[in-house]
Amino acid sequence: MTKQRMGLLVMAYGTPHSPDEVESYYTHIRRGRKPTPELLSELIERYERIGGLSPLARITDEQAHALAAKLNEMQDTITFTAFLGLKHITPFIEDGVKNMREAEISDAVSIVLAPHYSTFSAQSYNDRAHAKAAALGNIRIHSIDSWYDQPAFIRYWADRLRETFSQISEADQDRTIVLFTAHSLPERIKQMNDPYPEQIAHTARMIAEKADVRHYTTAWQSAGRTPEPWLGPDVQDRMRELHAEGYTTMVFCPVGFVSDHLEVLYDNDIECKQIADELNIRYLRPPMPNTHDTFIEGLANAVLDQIAKKE
Ligand code: FEC
């Protein structure tokens with residue numbers, strides 16, 4: 001039997017490939033508005049603090065390859081080929097769609113390497129992929145809106161939490177709290193009935209139940225540097241409140257992200273850690289999913305579920 005060929009458009013945020021690209025990348029994030037010299041040097045400094053550049057480019061590549069390999073191993077009717085499509089840097093989402101079309105792929109599934117749906121995240125990725133597919137013609141893309149509730153994704157974090165809690169003495173566990181965090185978004189998403197805040201809360205509930213976590217909360221991180229109001233509470237304010245409530249160990253699960261990158265390595269491991277040191281509390285942050293097999297299995301199941309839905 002000949003196997004069907006299917007494209008796998010793996011979409012992710014993207015990161016500069018070299019220091020020269022930081023300005024154009026930041027300008028793209030700001031929808032064409034150049035950052036001021038102060039904002040630019042602040043961003044360059046953040047990259048320097050995590051080693052010069054973000055490991056995100058390498059990790060995204062590895063995740064895309066691992067996902068295609070996993071899918072090809074899990075079933076034998078479809079051969080998947082992965083194509084990258086990035087939001088803010090080359091290869092852009094549109095390049096990914098064009099590359100699939102040039103490889104004569106007519107059927108594809110797209111997945112965003114971010115678990116939750118929001119008009120600002122998943123929808124903006126999917127809209128760009130569909131617009132490019134419509135412009136090129138002869139290619140259909142079946143998009144996954146969100147996959148945060150995939151059992152293997154929940155299991156990934158629950159397993160990491162159990163490992164983390166095994167390092168905390170029984171006496172300290174009552175003064176330990178897990179902070180499930182995600183990227184903040186402008187508060188106006190609430191008026192748009194965006195499901196993002198509820199999906200984050202649901203993710204936290206599912207992981208906490210599976211790992212038998214006694215105390216947990218959700219908080220927002222990495223809000224943009226713009227004057228408009230962003231979703232709160234901000235994780236840094238929340239840390240101070242939790243400390244005042246008597247917590248002495250804080251376990252960070254940035255469940256809105258799936259890789260080691262600037263927002264985790266700087267915003268959590270440097271900024272939040274600094275607050276933890278100031279408050280004299282213990283900061284723990286289990287490893288990010290990256291290419292962990294359980295996590296890749298969750299992504300693969302999301303792709304196969306999407307294909308089953310379209311049949
Ligand atoms: O490691 C790296 O180099 C890239 C890390 C990175 C990830 C990421 C994920 C998300 N963002 C989301 C929304 C926004 C909104 C704005 C915004 C701004 C930035 C800036 C940098 C940046 N983001 Fe990002 N984001 C990453 C990096 N992000 C750098 C610019 C400097 C700053 O504000 O810190 C505000 C845009 C504006 O100014 O108008 C909104 C969302 C995600 C998670 C979902 C996803 O991955 O798509 C949502 C990773």
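Keep in mind that this is a model prediction, so the values were computed, not measured. Every number for a ligand or one of its atoms is a count from 1 in the order of the listing.
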Can you tell me which portion of Leu43 lies within the under-4.0 Å heavy-atom range of ligand 1? Options are side chain, backbone, both, or neither.
side chain
Do the side chain of Arg162 and the main chain of Lys210 share a donor and acceptor less than 3.5 angstrom apart?
yes
Name the closest protein heavy atom to atom 44 (C) of ligand 1, giving the residue it belongs to and the distance to 0.1 Å.
Ala114 CB, 3.8 Å
Between ligand 1 and Leu262, is the shortest N or O to N or O distance under 3.5 Å?
yes
Side-chain contact, heavy-atom cut-off 4.5 Å: Thr181 with Thr218?
no
Counting only heavy atoms closer than 4.0 Å, does ligand 1 sit against the backbone of His183, its side chain, both, or neither?
side chain
Evaluate the side-chain proximity of Thr119 to Leu185: yes if any heavy-atom separation is below 4.5 Å, no if none is.
no
heavy-atom search around atom 49 (C) of ligand 1 in the protein gives His261 NE2, 3.2 Å
Under 4.0 Å from one or more heavy atoms of Arg31, ligand 1 contributes atoms 39 (O)
Which ligand 1 atoms, with their elements, are less than 4.0 angstrom from a heavy-atom of Ser54?
1 (O), 2 (C), 3 (O)
On a heavy-atom basis, the closest approach of Ile168 and Gln173 is O-NE2, 3.1 Å
Whether Asp305 and Lys309 form a salt bridge (side-chain N of Lys/Arg under 4.0 Å from carboxylate O of Asp/Glu) is what I want to check.
no
What residue and heavy atom of the protein are closest to atom 32 (C) of ligand 1, and at what distance?
Arg225 NH1, 3.5 Å
Treating Asn72 as the side-chain partner and Phe80 as the backbone partner, does any N or O pair qualify as donor plus acceptor under 3.5 Å?
yes
Report yes or no: is the cationic atom of Arg160 (NZ for Lys, CZ for Arg) closer than 6.0 Å to the six-membered ring centre of Tyr156, at no more than 45° off its axis?
yes
For Lys34, I'd like to know if atom NZ has over 12 heavy atoms of other residues, nucleotides or ligands within 6.0 Å.
no
With atoms numbered from 1 as shown, which atoms in ligand 1 lie under 4.0 angstrom from a non-hydrogen atom of Arg46?
31 (C), 32 (C), 34 (O)
Among all protein heavy atoms, pick the one closest to atom 5 (C) of ligand 1 and tell me residue, atom and distance.
Glu263 CG, 3.8 Å
Nearest to atom 38 (O) of ligand 1, what protein heavy atom do you find, and at what distance?
Thr226 CG2, 3.6 Å
Ring centroid separation Trp220 to Tyr196 under 6.0 Å
yes
Check: of Tyr13, Tyr26, Trp230, Tyr47, min heavy-atom distance to atom 26 (C) of ligand 1 comes from Tyr13
Check: Tyr247 ring centre within less than 6.0 Å of His243 ring centre
no
Nearest-contact summary for atom 18 (C) of ligand 1 - protein heavy atom, Å
Ile29 CG2, 3.5 Å
Which is closest to atom 46 (O) of ligand 1 in terms of heavy atoms, Tyr125, Phe120, Phe257, Tyr25?
Tyr125
Nitrogen or oxygen atoms of Thr15 and ligand 1 under 3.5 Å apart:
yes
Under 4.0 Å from ligand 1, counting heavy atoms only, is it the side chain of Leu185, its backbone, both or neither?
side chain
Does Ile105 reach the side chain of Phe83, with side-chain heavy atoms less than 4.5 Å apart?
yes
Please work out, at 4.0 Å between heavy atoms, whether the side chain, the backbone, both, or neither of Lys87 comes within that distance of ligand 1.
neither
